[in-house]
> 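Provided herewith is a single structure, encoded as structure tokens, for subsequent inquiry.
We count ligands from 1, going down the list as the structure has it; atoms in each ligand are counted the same way. Residue numbers run from 1 in the order of the sequence given.
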Amino acid sequence: MAFEFIKVNPQYDKHIGLIELNRPKELNALNRQLMLEIRDVLREWDEDDNIRVVILTGGERVFAAGADIKQMADATAISMLGIDQFSTWDQIKKTKKPIIAAVSGFALGGGCELAMTCDLIIASETAQFGQPEINIGTMPGAGGTQRLTRAVGKSLAMEMVLTGRFITAEEAQRAGLVVRVVPVEVLLAEAVKTAKQIAAKSPIAVRLAKESVNNAYETTLDEGLQFERKNFYLTFASEDQKEGMKAFVEKRAPDFKGR
Ligand code: HXC
């Protein structure tokens, strides 16, 4: 597949695919084509057994400064309804494989929302997160009012969404938005380290566990517990569960095959 706005490497490391946003002059502003490209590559990689984890990054300078304002400026509600860009976001959210966002520099508006659509965020010390849509007469539309609130709580989310204030990587970590903050030079290496840890596990257990954690946001506690339980039982249908437990008993490292 040839892409205009992203660079991809399905074999960045063993079982790890890398997607790098590539609109540097526009600070990786997310135009519709770019989002479709991310969707297409994730769709293909979801079917590729060689890829177990995806890293999504904007590089060292900027993650993404938001949806492409120039592309949106003249839109009408009805033209937006027709384009239905959020179905692309919904498809990205449905990716079965874990996605790690490696965020450096600005992650604003749709950029922050894209990072939050991923499964976990590792940030560099230069990362800044914000939902500044309020400054341009609109509001978050790709999950900013929902995912940010769930991640950092109502007060901080409300402040960010209503004032447009950016938060630093350190503040984002304190608030629970990002898992770790590292120097910019080692951001990708750190994301790879985490990706490798995940890639060494059973892909089936990883998939079911990801689904279950995500379900915590979608449902009541009781329904979430039932869902978790069924996924837990389902892991016992895999060869990987047998291999994992056998390896423990035999005091050796497991070799998970994704079966
Ligand atoms: C289109 C953008 C852009 C964006 C930056 N650029 N952000 N183009 N859409 N979101 C372009 C600028 O127009 C400029 O191009 C070039 O990138 C460099 O940007 P500067 O503003 O010159 O850089 P700087 O002074 O360093 O300021 C960086 C910045 C600022 C603070 C990030 O660019 C900024 O405020 N950007 C907008 C942030 C924002 O409001 N994001 C939310 C968008 S709405 P030219 O050619 O002019 O030099 C949104 C809604 C999501 O995301 C809804 C769901 C999809």
> For atom 49 (C) of ligand 1, decide whether some protein heavy-atom distance is shorter than 4.0 Å.
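So atom 49 (C) of ligand 1 has protein heavy-atom neighbours under 4.0 Å.
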> Any atom of ligand 1 sitting under 4.0 Å from a heavy atom of Gln85?
yes
> Take every heavy atom of Lys25, measure it against each atom of ligand 1, and state whether any distance is under 4.0 Å.
yes
> When you measure from the heavy atoms of Gln71 to every atom of ligand 1, does any distance fall below 4.0 Å?
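The answer is no: ligand 1 sits nowhere under 4.0 Å from a heavy atom of Gln71.
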> Strictly inside 4.0 angstrom of atom 41 (N) of ligand 1, do you find any protein heavy atom?
yes
> Check the hydrophobic clustering (I, L, V, M, F, W, Y; side-chain heavy atoms under 4.5 Å; chains of links allowed) and say if Leu108 and Ile121 are grouped together.
no
> Would the number of heavy atoms belonging to other residues, nucleotides or ligands and lying under 6.0 Å from CD of Gln11 be above 12?
no
> Are any non-hydrogen protein atoms located under 4.0 Å from atom 44 (S) of ligand 1?
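When distances to the protein are checked, atom 44 (S) of ligand 1 has a heavy atom within 4.0 Å.
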> Is there a donor-acceptor pair under 3.5 Å between the side chain of Arg23 and the backbone N or O of Ala29?
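Looks like yes, one N/O pair under 3.5 Å.
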> Whether the side chain of Lys210 engages the backbone of Thr95 through a donor-acceptor N/O pair (distance < 3.5 Å, no angle test) should be reported.
yes
> Does the protein place a non-hydrogen atom closer than 4.0 angstrom to atom 37 (C) of ligand 1?
yes
> Need the ligand 1 atom indices (1-based, order shown) with element for anything under 4.0 Å from a heavy-atom of Ala142.
54 (C)
> Hey, which atoms in ligand 1 end up nearer than 4.0 Å to a heavy atom of Phe86?
54 (C), 55 (C)
> Look at atom 19 (O) of ligand 1 and say whether a protein heavy atom is found at less than 4.0 angstrom from it.
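Answer yes: something from the protein, a heavy atom, is under 4.0 Å.
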> Short N/O distance, under 3.5 Å, between Ala67 and ligand 1?
yes
> Do any nitrogen or oxygen atoms of Ile69 come within less than 3.5 Å of a nitrogen or oxygen of ligand 1?
yes
> Please list the nearest protein heavy atom to atom 47 (O) of ligand 1 with its residue and the distance rounded to 0.1 Å.
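Nearest protein contact, heavy atoms only, for atom 47 (O) of ligand 1 is Lys70 NZ, 3.3 Å.
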> Can you check atom 10 (N) of ligand 1: any protein non-hydrogen atom closer than 4.0 Å?
yes
> Grouping I, L, V, M, F, W and Y whenever their side-chain heavy atoms are under 4.5 Å apart, do Phe3 and Ile99 come out in a common cluster?
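Same cluster: Phe3 reaches Ile99 through Ile, Leu, Val, Met, Phe, Trp or Tyr contacts under 4.5 Å.
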> Would you mind telling me if ligand 1 is within reach of the side chain of Ala65, the backbone, both or neither, using heavy atoms under 4.0 Å?
both
> Run the numbers for me: atoms of ligand 1, each under 4.0 Å from some heavy atom of Gly109, listed by number.
42 (C), 52 (O)
> Any idea which protein heavy atom is nearest atom 3 (C) of ligand 1, and the distance to it?
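Looking at atom 3 (C) of ligand 1, the protein heavy atom closest to it is Ala29 CB, 4.1 Å.
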> Which residue from Gln128, Gln131, Glu113 reaches closest to atom 53 (C) of ligand 1 through any of its heavy atoms?
Glu113
> My understanding is that only one of Lys93, Arg150, Arg147 makes a salt bridge (Lys or Arg N to Asp or Glu O under 4.0 Å) with Glu218; could you say which?
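Considering Lys93, Arg150, Arg147, a salt bridge (Lys or Arg N to Asp or Glu O under 4.0 Å) with Glu218 is found only for Lys93.
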> Which of the numbered atoms in ligand 1 are under 4.0 angstrom from any heavy atom belonging to Glu133?
44 (S), 49 (C), 50 (C), 51 (C), 52 (O)
> Would Glu190 and Arg180 pass as an ion pair if we require N to O under 4.0 Å?
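Result for this pair is yes, salt bridge flagged.
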> How close does the nearest protein non-hydrogen atom get to atom 2 (C) of ligand 1, and which residue and atom is it?
Glu26 O, 3.9 Å
> Examine ligand 1 and decide if any of its atoms is less than 4.0 Å from a heavy atom belonging to Leu27.
yes
> Need the ligand 1 atom indices (1-based, order shown) with element for anything under 4.0 Å from a heavy-atom of Pro132.
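Close to Pro132: 39 (C), 40 (O), 41 (N).
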> Using modelled atom types and a 3.5 Å cut-off, is there a donor and acceptor pairing between side-chain atoms of Gln131 and backbone atoms of Thr145?
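Judged by distance alone, no pair lies under 3.5 Å.
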> So between Gly164, Cys112, Gly110, Ala64, whose heavy atom ends up nearest atom 52 (O) of ligand 1?
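Ranked by closest heavy atom to atom 52 (O) of ligand 1, first place is Gly110.
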> Against heavy atoms of Leu108, which atoms of ligand 1 measure under 4.0 Å?
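Reading through ligand 1 atom by atom, the close ones are 32 (C).
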> Any side-chain to backbone donor/acceptor pair from Asn22 onto Lys7? Under 3.5 Å, distance only.
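Not a single qualifying donor-acceptor pair exists.
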> Would you say Leu42 and Ile92 make side-chain contact, with heavy atoms under 4.5 Å?
yes
> Below 4.0 angstrom, counting only protein heavy atoms, does anything approach atom 15 (O) of ligand 1?
yes
> Do you reckon Ile55 sits in the same ILVMFWY cluster as Val8, going by side-chain contacts under 4.5 Å, direct or chained?
no
> Output the list of atoms in ligand 1 that are nearer than 4.0 Å to some heavy atom of Phe106, sorted by atom number.
28 (C), 31 (C), 32 (C)
> Are Ile134 and Val152 connected in a single hydrophobic cluster, I mean Ile/Leu/Val/Met/Phe/Trp/Tyr linked by side-chain heavy atoms less than 4.5 Å apart?
no
> Classify the ring geometry between Phe236 and Phe232 as parallel (under 30°), tilted (30 to 60°) or perpendicular (over 60°).
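Phe236 vs Phe232 ring planes: perpendicular.
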> Is Met116 linked to Val54 within one hydrophobic cluster, defined over Ile, Leu, Val, Met, Phe, Trp and Tyr using a side-chain heavy-atom separation of less than 4.5 Å?
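Yes, because Met116 and Val54 connect within a single hydrophobic cluster, where side-chain heavy atoms sit under 4.5 Å apart.
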> Do you see a donor-acceptor pair shorter than 3.5 Å between the side chains of Gln91 and Arg39?
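Yes, because at least one side-chain N or O of Gln91 sits under 3.5 Å from a partner of the opposite role on Arg39.
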> Give a yes or no on whether a salt bridge exists between Glu159 and Lys154, defined as a side-chain N under 4.0 angstrom from a carboxylate O.
no
> Strictly less than 4.0 Å: does any protein heavy-atom distance to atom 7 (N) of ligand 1 fall in that range?
yes
